[in-house]
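What follows is a single structure, written as structure tokens, with notes after it.
The residues of the chain are indexed from 1 along the displayed sequence.
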Amino acid sequence: MVFASRISRRQHVAGEAPPPLQMRTLLFGAWLVFCVSVLLAARRMWSGKYVRSPLARAALMVSNAEFTGHEVQEWYRCCPDMLGETVRPLFVQSQLDTDTEAFLQRSVEKSGWLFTQLYHSLFSTIFSPIVSRTSINGFLGRGSMFVFSRDQFQRLLQIDPGWKGERLLDLGAGDGGVTDIMGSHFREVYATEVSPPMKWQLQRKNYRLLEIDEWHSTGFQYDLISCLNLLDRCDEPLKLLQDIKNALVPGSGRLILAVVLPFQPYVETGGKWLRPKEQLQVKGKTWEEQVTNLSDEVFQKIGFEVEAVTRLPYLCEGDMNQDYYVLDDAVFVLRPQE
């Protein structure tokens, strides 16, 4: 205090205005810049070199590219001549539409909410060692996924906007964003989810929640089961496909299945990423080769036939580092063989 008062008095004698308010403002600004820099550095470290999830690491690698018109075209590009003879005529060409563009615009807008993103970053950094990424997103109400638009869903299933079915089951429904798109076509909507925060969000939407070990033993069957980007994150993918086949309405039941390609199966257990107990081998280096292998080998052996397949971007809301994240999806419509 004595030292500060001497400086102030000397400035006053010299005719200078005392700057305590300016100094406080400058110090606060410097402190804020320091905190933001630390959080950005921590976030960059967490989501880059030290990220544990193979899926998140792959998404980060893809998302580092600049957003260009050519990149968007690549999201949907397929070389039909590289597909197998049986699956080639079943390919449905998709493209960027209004719903997808709206999701991207919302993601860009949210990533610019500085203080919200700072809070999300700090929360994730603190709790990521003990809470799953899905649950963190559920708590924060962020990280929504986009697999297909309403129009793309209708085109794949070859249904009209007013078509109604009896029962839908969405396996691993997350926050219910994609369930909303499909659910408008069904009188009863069921969902499974393991993350408690995501379950709360599904309950708020009045979807009927089933436990992951009871959906295939309810005593009734489903007109449509959706299994979106779940096959590479479950311990027994072949058993899952068999259970789905048995749970579909005979004759008219369908499975809509999304798979991230290239296929890289891992299971999150206690904060660690491990290989699944049941190995599902998908052969091929290109998107087209892996789609053909899934169609001709994996699905055929389980007892499914492909009705339609398309290439779509699997989109996720971003954060301070990226406006959004994107992976390559193959989306199939499958029917049980008679």
- Using the ring of Phe304 (Phe, Tyr or Trp, six-membered ring only), decide whether Arg335 places NZ or CZ under 6.0 Å from its centre and within 45 degrees of its axis. no
- Val260 with Tyr324, same ILVMFWY side-chain cluster at under 4.5 Å: yes
- Query: Donor-acceptor pair, His185 side chain versus Lys164 backbone, under 3.5 Å?
  - Reply: no
- Item | Heavy-atom closest contact (Gln221 atom, Pro250 atom, distance) | OE1-CD, 3.3 Å
- Would you check if the side chain of Asp97 reaches a backbone N or O of Thr100 as a donor-acceptor pair within less than 3.5 Å? yes
- Message: Using a 6.0 Å cut-off, check whether atom CD1 of Ile212 has over 12 heavy atoms from anything other than its own residue.
- Response: no
- Message: Can a side-chain donor-acceptor contact be found between Thr86 and Asp296 if the only test is distance below 3.5 angstrom?
- Response: yes
- With a 3.5 Å cut-off and no angle check, do the side chains of Asp180 and Tyr207 form a donor-acceptor pair? yes
- Item | CD-CD distance between Gln152 and Gln95, expressed to the nearest 0.5 angstrom | 8.5 Å
- Checking Asp223 side chain against Gly165 main chain: does a donor-acceptor pair fall under 3.5 Å? no
- Message: Between Arg254 and Leu224 (side chain of the first, backbone of the second, donor and acceptor by atom type, cut-off under 3.5 Å), is there such a pair?
- Response: no
- Query: Is there a donor in the side chain of Arg150 and an acceptor in the side chain of Ser184, or the other way round, less than 3.5 Å apart?
  - Reply: yes
- same_hphob_cluster(Leu96, Trp287) at 4.5 Å side-chain heavy-atom cutoff: no
- Hey, does the side chain of Asp175 reach the backbone of Gly177 with a donor-acceptor pair shorter than 3.5 angstrom? yes
- Give the cluster check for Val306 versus Val92: same hydrophobic cluster or not, with ILVMFWY residues linked at side-chain heavy-atom distances below 4.5 Å. no
- Main-chain N/O of Lys283 paired to Asn293 side chain as donor or acceptor, under 3.5 Å: yes
- In terms of side-chain heavy atoms, does Tyr266 have a donor or acceptor partner in Gln264 at a distance below 3.5 Å? no
- Message: For a quick check under 3.5 Å, do Gln300 and Gln337 share a side-chain donor-acceptor pair by atom type?
- Response: yes
- Query: Below 4.5 Å, heavy atoms only, C-beta onward: do Leu257 and Val333 meet side chain to side chain?
  - Reply: no
